[in-house]
Amino acid sequence: MSYWFREIAGWGLILLGLYTFSNAYGLLLNKRVFEAGPAAFMGFVIFRGGIHLLKVAVAAQMARALPEMANATTRRMGRATGRPVGPTPAKAVLPGPKSRQSR
């Protein structure tokens with residue numbers, strides 16, 4: 001799928017979701033509450049699907065531009081030195097209670 005197909009489909013789903021919301025509003029104005037509930041839920045699902053598709057389209061566009069950004073010359077930063085991680089030396093450990101020797 002191309003970026004533009006996802007973009008157009010996302011905007012189409014958003015418009016379809018808004019149309020479904022307007023249908024649900026019309027049903028509420030005609031005092032048809034039970035019919036408006038499922039219509040509003042369908043509008044919500046369609047609208048959220050359109051938003052998700054737009055997010056995927058933008059992510060695909062950024063992923064396509066990633067190799068170009070990787071080839072750009074950047075200044076390399078040195079690695080920060082931190083505290084060493086490893087086994088604790090024996091002299092840094094406080095002695096605990098001594099266990100009894102078995103007879």
Side-chain angles (χ1 to χ4, degrees):
M1 268 198 244
S2 77
Y3 160 74
W4 287 109
F5 178 72
R6 285 188 200 104
E7 183 88 19
I8 292 169
W11 282 110
L13 284 175
I14 286 177
L15 291 176
L16 184 64
L18 289 175
Y19 175 75
T20 309
F21 278 136
S22 70
N23 258 353
Y25 184 66
L27 288 171
L28 284 173
L29 289 177
N30 292 331
K31 296 183 174 34
R32 304 187 88 172
V33 178
F34 292 113
E35 291 90 349
F41 180 72
M42 286 188 303
F44 175 74
V45 170
I46 294 169
F47 188 81
R48 289 288 299 166
I51 289 175
H52 178 72
L53 207 53
L54 284 176
K55 287 194 290 187
V56 169
V58 170
Q61 185 182 22
M62 289 295 108
R64 188 176 295 173
L66 188 62
E68 297 167 6
M69 286 190 273
N71 292 336
T73 57
T74 58
R75 187 171 58 128
R76 297 202 101 184
M77 304 212 35
R79 211 176 158 120
T81 58
R83 204 178 82 190
V85 178
T88 307
K91 63 181 178 180
V93 178
L94 296 174
K98 303 286 183 190
S99 60
R100 293 186 184 170
Q101 298 284 341
S102 60
R103 296 181 188 179

Inter- and intrachain pairs under salt bridge (charged side-chain N to carboxylate O under 4.0 Å, His left out), touching residues 18-28, at least two apart: none

Which atom of A9 lies closest to which atom of L53, heavy atoms considered: CB-CD2, 3.5 Å

Selection residues 7-18 - residue pairs positive for side chain to side chain donor-acceptor pair (under 3.5 Å), sequence neighbours left out: Y3-E7, E7-W11

Side chain to side chain donor-acceptor pair (under 3.5 Å) partners of residues 37-56, not counting sequence neighbours, each pair once: none

Kindly list each side-chain donor-acceptor pair under 3.5 angstrom involving residues 15-27, sequence neighbours excluded, with atom names and distances?
from	atom 1	to	atom 2	distance (Å)
T20	OG1	L16	O	2.8
S22	OG	Y19	O	2.6

Audit row: I14, F47, side-chain contact (heavy atoms from CB on, under 4.5 Å) steps and yes/no: CA-CA 5 Å; I14 286 177; F47 188 81; 3.6 Å; yes

Where at least one partner belongs to residues 18-44, residue pairs that pass salt bridge (charged side-chain N to carboxylate O under 4.0 Å, His left out), sequence neighbours excluded: R32-E35

